[in-house]
Amino acid sequence: MAQQAQISKKRKFVADGVFNAELNEFLGRTLGEDGYAGVEVRVTPIRTEIIIRATRTREVLGEKGRRIRELTALVQKRFGFPENSVELFAERVENRASCAMAQCESLRYKLLGG
């Protein structure tokens, strides 16, 4: 395995926080209409797994998984991940009533829609 440059714990936590905030903002803007409810990032030695929580996962995945592949490519380019080292998954929010983020997005689009 290749040696990674040593970075201080403070810098690592700040970098991780900025990454999570930017990713959350990007996915919130892109998937807001599809009931976006949050994101979870799992880093493994082989790849980085990004789990997108949403109320309507069918729209997040797209027709034949096309949209999730497009989102994977966008995240990969935007954050500089190597090829095939990031993978996006969609997870359904089971109880929408207990998820504040899903309720907020749903109310937002109902108010905007009229």
Side-chain angles (χ1 to χ4, degrees):
M1 288 183 12
Q3 287 276 346
Q4 291 184 351
Q6 293 293 323
I7 96 173
S8 71
K9 289 190 183 212
K10 279 186 189 177
R11 287 186 189 272
K12 183 181 180 342
F13 277 105
V14 169
D16 288 348
V18 169
F19 168 71
N20 285 333
E22 285 186 16
L23 182 64
N24 191 33
E25 179 71 21
F26 168 70
L27 292 174
R29 288 182 189 273
T30 310
L31 303 172
E33 293 179 0
D34 302 323
Y36 174 74
V39 66
E40 181 183 342
V41 180
R42 293 183 190 157
V43 180
T44 63
I46 299 166
R47 65 175 182 252
T48 303
E49 297 175 351
I50 299 173
I51 296 112
I52 301 167
R53 292 193 314 260
T55 55
R56 299 193 313 229
T57 54
R58 192 168 290 177
E59 281 82 5
V60 173
L61 293 173
E63 189 177 322
K64 297 182 182 176
R66 180 179 177 195
R67 190 164 187 207
I68 197 89
R69 286 194 304 271
E70 289 173 354
L71 286 171
T72 304
L74 285 171
V75 167
Q76 195 169 302
K77 285 181 184 174
R78 166 62 186 91
F79 297 106
F81 284 105
E83 193 75 26
N84 296 328
S85 68
V86 65
E87 197 166 346
L88 268 65
F89 300 101
E91 181 180 279
R92 187 168 186 270
V93 175
E94 291 302 324
N95 191 359
R96 194 170 113 186
S98 66
C99 183
M101 184 79 171
Q103 286 291 344
C104 177
E105 289 294 327
S106 174
L107 184 62
R108 176 180 165 209
Y109 283 98
K110 284 179 183 175
L111 287 172
L112 288 173

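Since the model is a prediction, treat every value here as computed from it, not as a measurement.
- The CD1 atom of Ile50 sits 5.0 Å away from atom CG of Leu23, with the distance rounded to the nearest 0.5 Å.
- Residues that satisfy the side chain to side chain donor-acceptor pair (under 3.5 Å) test with Glu25, not counting sequence neighbours, are Arg29.
- Within the 4.5 Å cutoff, the side chain of Val75 has heavy atoms near those of the Phe26 side chain.
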Verdict with reasoning, Tyr109 to Asp34, per side chain to side chain donor-acceptor pair (under 3.5 Å): CA-CA 10 Å; Tyr109 283 98; Asp34 302 323; over 6 Å; no

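- Atom-to-atom distance recorded for Leu31:CG and Arg56:CZ is 10.5 Å, nearest 0.5 angstrom.
- The shortest distance between side-chain heavy atoms of Arg66 and Arg69 falls below 4.5 Å.
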Take Met101 and Arg53 through the test side-chain contact (heavy atoms from CB on, under 4.5 Å) and record every step on the way to the result. CA-CA 10 Å; Met101 184 79 171; Arg53 292 193 314 260; over 6 Å; no

With a 3.5 Å cut-off and sequence neighbours excluded, list the donor-acceptor pairs that the side chains of residues 82-92 form with protein atoms.
residue	atom	partner	partner atom	Å
Glu83	OE1	Gln76	NE2	3.3
Ser85	OG	Pro82	O	2.7
Glu87	OE1	Arg47	NE	3.0

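- Connection of Val43 to Val14 is not established within any shared hydrophobic cluster, with ILVMFWY side chains joined at heavy-atom distances below 4.5 Å, either directly or through further cluster members.
- Phe79 is not connected to Ile51 by any chain of hydrophobic side-chain contacts under 4.5 Å among Ile, Leu, Val, Met, Phe, Trp and Tyr, and they are in different clusters.
- Atom OG1 of residue Thr55 and atom CG of residue Asn95 lie 12.0 Å apart, to the nearest 0.5 angstrom.
- Linking Ile, Leu, Val, Met, Phe, Trp and Tyr whenever their side-chain heavy atoms come within less than 4.5 Å leaves Leu71 and Val93 in two separate clusters.
- Under a hydrophobic-cluster definition in which Ile, Leu, Val, Met, Phe, Trp and Tyr are linked whenever side-chain heavy atoms come within less than 4.5 Å, directly or via other members, Phe19 and Leu27 are assigned to the same cluster.
- Atom-to-atom distance recorded for Tyr36:OH and Cys99:SG is 10.0 Å, nearest 0.5 angstrom.
- Separating the CD atom in Glu22 from the CG atom in Asn20 is a distance of 10.0 Å, to the nearest 0.5 Å.
- Residue Leu107 qualifies as enclosed at atom CG: its count of foreign heavy atoms under 6.0 Å is above 12.
- Taking the charged nitrogens against the carboxylate oxygens, Arg67 and Glu70 have no contact shorter than 4.0 Å, which rules out a salt bridge.
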